[in-house]
Each structure stands twice: as C-alpha cells, then as structure tokens.
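Following: one structure in structure tokens, then a few remarks.
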Amino acid sequence: MDRRAMITRSLAGWPTRVLLVLAAVSFSSLAAAEIAAVASYGCFETAGVDLRLQGATFNESAILEYRRAGETAWRRGHDFIRYDGNHMATSLFWLSRDTVYDLRVTLSDPDGVTGTNPWLASVRTRPEFTLPTPLRVVQVADQAGLDAAVAGLQPGDEIRLAAGTYPQGLRLYEKGGSAAHPAVFTSAGGERPLLRGDADGGVQLEGCAFVVLDHLEVHNELGDGVYVRGSHDITVRRCYIHDSRPGDYTANLAIVHGDEVREGTPGLFLILDNIIGDDAHDPVDEDQGPGATNENNPGQCYFGILLYYQPGPFVTIRGNRIYGVVDGIHPCADEGADPVMGPDEPDLLATWWNQNLDIQDNLIWDCKDDCIELDGHMVNGRVFRNRLGKCENALSAAPFYAGPLFVVRNLMHGFHQGCLKQNTGVSGLSRNVLFYHNTVLEKERASPAHCGDEHCLYRGEPAEQQGFVYLNNIFSARHRVYNGDLYDGGSFHRYDRFDYNLMYSTRQDDPPYVYKWVCTDGDPLNNSRYETLAAFQAAVGQEPHGLWGDPLLQTVLLDGLPAVSKLPGLWPGAGSPALDAAVPIAGVNDSKKISPRRREQ
C-alpha cells in the first residue's frame with residue numbers, strides 16, 4: 001500500500017481522512033519549484049497540512065492561510081516547515097469541531113514558481129466523539145456470555161458487560177464493526193466490569209477494525225492491559241487500565257504493528273478520557289530513583305500508553321490521567337530505529353508513516369522517567385494543553401526526527417532533569433521542535449533547596465540537534481534557566497532560536513550562573529556561563545526581547561490530585577511580567593480564543 005494514498009472518508013463521529021489532490025508535473029523550468037500535492041487531516045480542534053513539492057532545491061518557503069468555509073477573510077496560519085527533501089508540513093490550532101475550512105497554500109521560490117500557485121484545498125474537523133447508536137444490544141453477565149457475544153459479533157453490536165470479574169478478559173481476532181456501525185464493548189451500568197486476562201493481554205485486539213472499548217476496567221498482572229496489534233480505527237474511552245504486568249517495556253495500553261493491517265487505513269486511534277496508571281509498586285524517590293530512571297521499580301509497569309513498531313498515523317490521545325509508570329506516553333513508534341531519516345530524504349513518510357499526532361489535555365504525573373517520550377520519527381505532531389508533573393523529564397525529544405513538532409501551552413512542574421530532554425546516544429539529526437507558550441517551573445525540593453542537577457531546560461550530550469525554536473515561554477528556575485554540557489567533538493546544538501521568553505531563577509550559589517550555553521565544539525561560546533540575562537544576550541545574541549522577572553506563578557495543587565503529582569495551577573498572578581508580553585505567532589496565538597499579547601495559560 002502507498003501510505004500516502006490514505007482514503008478520504010467522512011462519516012458522522014469519525015474523522016475526515018486525508019484529502020489528496022495531484023497536479024500535473026511541469027518541466028518548464030529546471031530550477032523553479034511547484035506544488036505537486038496538498039494533503040490535509042482534521043482532528044477535533046486541529047488540522048495538519050502536508051505539502052509535496054516538485055523540483056525542490058531547499059530554498060523554497062510556503063505559507064498557509066485558512067478560513068471557515070463561506071467566510072471571505074483569510075487568516076494566516078503557521079508557516080510550513082520542511083521535514084524532508086520534497087515535503088513541508090504545518091498545523092492549525094483552535095479550530096471549531098465538525099467544520100469545513102478552506103485552505104490556501106502559497107509557495108515562494110527565488111528561482112521562480114511554476115504550476116498552480118496558490119493552491120486551494122479544504123479540511124473538515126472531526127465532530128466530538130459519541131457512542132454510535134447500536135443496531136443490536138447484547139447483554140452479558142459472565143465470561144461465557146462475553147465469549148459467546150464475541151463469537152457472534154456483528155457490525156453495530158453494543159456488548160454491555162454487567163458488573164463483575166471476567167477472568168479471561170476480552171479476545172478479538174479479525175473481528176469488529178464497520179465505519180458506519182462500529183462494534184462497542186461497554187458497561188451495562190455505572191460500575192465498570194473488571195477484565196483480567198493473561199500474558200497475551202487483558203483485552204487483546206488483533207487484525208480488528210472499528211471497535212470501541214468504553215467504560216471498562218482492565219487489571220491484568222500477567223501481561224499488557226490492552227494490547228492492540230495490526231488494527232485500525234480503535235477507540236479506547238473512559239476506561240480504567242491499571243497495574244499491568246511489571247517489567248521492562250510492559251504497557252497498560254499498547255498499540256503496535258499497523259504494518260500488519262490487511263484492509264483499510266492503518267492507524268486512526270482515539271484514546272480519550274481514560275485513567276491509566278500504576279498504584280502497586282515501590283515508590284519513586286525525589287531523585288527519580290532508586291536505580292536508573294529508565295528502569296522500572298519492583299512491581300511497576302513500564303508504559304502508560306505505548307505506540308510502537310509502526311502503529312499507524314492519525315492518533316489522538318486526549319483528556320487522560322496517567323500516573324505511576326516509567327514513561328507516561330510513548331507515541332512515536334520508534335526510538336531512532338534504522339533507518340534514521342535525514343532532512344534530505346526524498347519521502348520520509350514512505351518509510352516511517354507516523355503523522356498527525358494529537359496529545360492534548362492530559363494530566364501526567366509520577367513517572368520515573370519521562371511524562372511524554374517523543375523519541376523517534378513523527379511528522380506534524382501536536383502536544384498541547386497538557387499538565388506534566390513529577391518525572392525525570394517532562395518531555396523527551398532524544399532523538400526526534402522530521403517534525404514539525406508543536407509543543408504549545410503545556411504546564412510543566414516537578415521534573416528532575418529538565419522540561420525537554422535532548423541528549424541521546426542514538427545517531428541522527430533531531431530537528432524542528434517548536435516550543436511555544438509553555439510554563440515551566442522547576443520543582444521545589446526538601447534538600448537541597450537548589451539542586452545542581454536540575455534546570456528548566458537542559459541541552460546535553462551526546463546530541464546532534466538543530467532548529468528548535470523557543471518563543472513566549474515562562475522559565476522559572478531554582479538553578480539554571482538554560483543549562484548544557486557539550487564536550488564531545490561529535491555533538492552539537494545549533495541554529496536554535498530563543499526569544500520573548502520570561503526567565504527567572506532563585507539560585508543562591510556563588511557565583512550564581514543562571515545560564516550555561518552550548519553550541520558546537522570549538523566555538524568560543526560553547527560551555528560559556530553567564531550570571532545575568534543582559535550578559536547572556538550580549539555574548540550569545542539569543543533572547544534579544546527576553547524578559548527577567550518573577551512570573552508570580554500560583555503553586556497550589558490542583559483539586560483532587562495527590563501531593564506526589566506536583567501539579568499546581570501555575571497561573572501567572574496579578575502584576576506578573578508574563579502578562580501582555582508575548583510576540584504574536586501566526587496560527588498559534590493570534591486567534592480570538594487566545595489574547596495575542598499574553599503569555600497566560
């Protein structure tokens with residue numbers, strides 16, 4: 001299957017697939033580029049747009065404009081970002097659900113542009129998910145009844161499980177529903193039925209499509225909680241999945257091997273409003289031990305949500321509470337596995353077809369390693385409005401290939417190393433991470449109050465990284481605001497941009513260096529240290545519009561969360577220098593839903 005030839009399918013309650021339009025190739029100019037195709041994908045309040053070029057020579061740029069269908073005025077979206085030799089991508093935010101938007105793509109090339117330019121297309125956002133109206137309701141009260149319902153499963157069935165324990169769990173092999181009539185497994189009442197299982201999983205779906213798991217409890221200490229393989233169009237909603245088998249690379253929810261899908265479009269997973277956690281394990285201490293942070297403690301399941309081995313594109317992970325595991329969410333399907341794709345590859349998505357990922361509105365805490373581990377290949381990732389608490393790193397992009405990855409309006413507090421891990425032993429060029437409007441507060445400690453190993457942002461080694469952009473963030477540190485180490489001649493951090501960020505530190509050490517800059521080995525600025533923002537600006541040239549001052553963040557824990565979560569509100573208080581201090585970013589903070597000159601969350 002050509003993984004770019006995704007089928008367009010618009011059905012109530014299900015997403016609009018990729019809209020793909022091709023243009024005839026023109027050879028009227030050997031140097032001039034042209035738009036060869038525009039593809040789009042709509043999610044609940046976001047959309048991804050992919051641009052394929054003909055005759056590209058790496059000096060092209062492109063802009064996106066959009067408007068609600070029927071309106072006359074165009075709005076500017078975020079500019080396109082090149083992710084391989086022939087393709088660019090960008091995303092739209094803060095859209096209305098179940099709405100058609102017109103798109104206008106304009107290509108610029110100093111060598112000239114041929115073909116259709118600008119290019120007109122459209123995208124439809126997804127309606128809010130609701131359970132489909134069943135064609136048949138099947139009531140089950142025990143394991144035998146569930147097994148019989150599975151054996152006779154038809155599209156449109158709603159299997160309602162009575163409260164109680166189902167010791168063998170749920171097994172589906174090459175079964176399910178249809179796009180118009182999914183198969184639903186849900187509770188019969190207000191109490192979730194409990195599914196146990198074995199080494200193959202508490203819930204096991206293999207070769208399935210159009211299945212909804214709703215309001216179930218899965219507690220399987222013998223294997224993964226929910227295991228999905230070779231499947232597509234799967235929804236997991238309002239479930240409580242917890243305390244699955246402890247060990248290395250075990251998971252409460254695992255989705256793998258979309259390459260084994262026989263019919264239909266791989267991917268298209270919804271993971272909505274679940275509680276996914278691990279309660280019964282040895283506690284993680286203040287330094288994220290005992291032992292290495294990437295090793296599970298006794299009794300601890302490794303992943304909250306794991307997507308691995310080409311699970312498939314178009315994934316939404318929204319509104320979940322995830323806690324107590326080693327890594328909260330691992331969504332990018334590989335950790336730098338071969339082949340690693342560089343920026344000049346002709347078609348990255350033909351090899352690694354993970355694209356249009358939405359991770360939004362999740363609460364994640366008490367992770368021994370990373371809350372969200374984005375290591376691997378991904379095009380058009382969107383991580384926004386999440387609250388990330390106690391962990392080693394709030395986010396990891398070590399490595400992260402292709403992009404763009406939009407990290408927007410997240411709240412981060414409680415990390416031990418930093419808010420965004422970038423150092424990795426895996427080869428390949430990490431690139432195109434856009435870090436906008438995030439609030440980062442280094443955690444308080446019992447002893448010492450200021451730990452030399454903790455910083456707001458750590459850019460370490462080994463690493464091959466370039467083109468990360470940090471705009472309109474709040475970085476409030478107890479040690480260094482920006483820190484790094486680069487003594488390896490083969491490592492580098494280059495072409496990054498820092499500006500319009502509000503920075504602050506309560507560091508008391510002597511001397512109180514609050515910045516340590518790293519770039520490339522041999523550069524006189526590499527590993528240089530600065531005590532003030534003014535000195536950092538003058539020497540490095542970054543943060544020309546940056547601000548220094550206490551953001552006056554609200555630090556009372558959110559209601560209903562344990563102290564170990566380290567998830568306070570983090571709202572800037574009255575008089576905070578964060579207010580009315582940001583720079584407009586097209587398509588990110590110029591919407592009427594977000595005041596364009598505020599760094600508020």
Side-chain angles (χ1 to χ4, degrees), residues 48-53 56-62 78-91 331-357 359 372-383 393 395-408 418-436 438 457-471 473 482 484 486 488 490-499 518-521 523 542 585 588:
V49 185
D50 190 283
L51 171 62
R52 181 161 65 87
L53 302 178
T57 57
F58 287 91
N59 62 350
E60 302 83 11
S61 61
H78 195 284
D79 288 352
F80 281 90
I81 304 294
R82 184 186 294 272
Y83 66 84
D84 68 17
N86 295 315
H87 298 88
M88 300 179 181
T90 192
S91 289
C332 285
D334 69 283
E335 294 182 89
D338 290 332
V340 171
M341 311 298 281
D344 58 347
E345 295 287 341
D347 193 351
L348 182 147
L349 286 176
T351 300
W352 294 105
W353 26 280
N354 305 298
Q355 60 166 305
N356 284 288
L357 166 75
I359 300 178
I372 303 177
E373 183 181 300
L374 294 152
D375 304 356
H377 292 81
M378 173 62 63
V379 172
N380 243 348
R382 296 174 286 270
V383 178
N393 295 281
L395 301 170
S396 176
F400 179 80
Y401 303 126
L405 172 64
F406 293 88
V407 181
V408 182
C419 68
L420 179 62
K421 179 183 177 183
Q422 300 171 45
N423 54 300
T424 175
V426 180
S427 63
L429 183 63
S430 294
R431 56 198 186 273
N432 296 331
V433 173
L434 309 174
F435 199 85
Y436 298 150
N438 301 286
L457 179 66
Y458 180 68
R459 301 159 74 233
E461 64 178 351
E464 300 173 21
Q465 175 270 316
Q466 72 179 33
F468 286 21
V469 180
Y470 305 86
L471 295 176
N473 302 288
Y482 304 148
L486 204 156
D488 178 358
S491 292
F492 55 82
H493 294 271
R494 64 190 184 192
Y495 313 139
D496 291 352
R497 181 190 176 197
F498 294 78
D499 206 2
V518 294
C519 42
T520 58
D521 187 54
D523 190 304
Q542 296 281 2
I585 304 172
V588 174

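Within the model, atoms SG of Cys332 and CG of Leu405 stand 7.5 Å from one another, a figure rounded to the nearest 0.5 Å. Between the CG atom of Leu395 and the CZ atom of Phe400 there is a distance of 11.0 Å, given to the nearest 0.5 Å. Rounding to the nearest 0.5 Å places CG of Asn473 at 10.0 Å from CG of Leu420. For the atom pair CZ of Phe80 and OG of Ser91, the computed distance is 9.5 Å after rounding to the nearest 0.5 Å. In this structure, the separation between CG on Asp523 and CZ on Phe492 is 13.5 Å, given to the nearest 0.5 Å. Separating the CG atom in Asp488 from the CG atom in Asn423 is a distance of 11.5 Å, to the nearest 0.5 Å.
Pro331 pairs with exactly one of Ile359, Asp375, Val383 by the side-chain contact (heavy atoms from CB on, under 4.5 Å) rule, that one being Ile359. Tested against Pro404, the residues Val433, Val469, Asp79, Leu434 include a single side-chain contact (heavy atoms from CB on, under 4.5 Å) partner, Leu434.
Counted by atom type alone, Arg82 and Asn432 present zero donor-acceptor pairs between their side chains at under 3.5 Å. Residues Thr520 and Arg494 have side chains that never bring a donor and an acceptor to within less than 3.5 angstrom of each other. No side-chain donor-acceptor contact under 3.5 Å links Asp496 and Gln542. Side-chain N/O atoms of Asp50 and Tyr83 include a donor and acceptor closer than 3.5 Å.
A 4.5 Å side-chain heavy-atom check between Asp344 and Phe58 finds at least one atom pair inside the cut-off. For the pair Met88/Glu60, a side-chain contact is recorded, criterion being any heavy-atom separation below 4.5 Å from C-beta on. Contact check for His87 versus Asp347: side-chain heavy atoms found under the 4.5 Å cut-off.
Checked by atom type and distance alone, the side chain of Asn380 never pairs as donor or acceptor with a backbone atom of Gln355 at under 3.5 Å. Side chain of Asp499 to backbone of Leu471: no donor-acceptor contact under 3.5 angstrom is found. For Glu345 (side chain) and Pro343 (main-chain N/O), no donor-acceptor pair under 3.5 Å exists by modelled atom type. Of the possible polar contacts, one joining the Thr90 side chain to the His78 backbone as a donor-acceptor pair under 3.5 Å is found. Not a single donor-acceptor pair under 3.5 Å links the side chain of Asn393 to the backbone N or O of Ser396.
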After noting the C-alpha distance and the side-chain angles of Leu486 and His493, does the key distance pass the side chain to side chain contact (heavy atoms under 4.5 Å, CB included) rule? CA-CA 9 Å; Leu486 204 156; His493 294 271; 3.7 Å; yes
Mind running side chain to side chain contact (heavy atoms under 4.5 Å, CB included) on Tyr401 and Leu429 for me, showing each step along the way? CA-CA 7 Å; Tyr401 303 126; Leu429 183 63; 5.7 Å; no
Determine, stepwise, if the pair Arg459 / Phe468 fulfils side chain to side chain contact (heavy atoms under 4.5 Å, CB included). CA-CA 11 Å; Arg459 301 159 74 233; Phe468 286 21; over 6 Å; no
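Using a 30° and 60° split on the angle between ring planes, Trp352 and His377 fall in the parallel class, below 30°.
Taking each heavy atom of Asn356 and Gly48 in turn, the nearest pair found is OD1-CA, 3.2 Å. Taking both residues in full, the closest heavy atoms of Arg431 and Met341 are given as NH2-O, 2.9 Å, listed atom of the first, atom of the second, then distance. Nearest heavy-atom pair across Pro462 and Ser491 is CA-OG, 3.2 Å. The two residues Ala402 and Val379 come nearest to each other via the heavy atoms CB-CG2, 4.0 Å. Nearest heavy-atom pair across Leu51 and Ala62 is CD2-CB, 3.6 Å.
In this structure, Glu461 has no salt bridge (charged side-chain N to carboxylate O under 4.0 Å, His left out) partners at least two apart in sequence or on a different chain. Residues satisfying the side-chain contact (heavy atoms from CB on, under 4.5 Å) test with Cys419, not counting sequence neighbours, are Met412, Phe415, Phe435, Val440, Leu457, Phe475.
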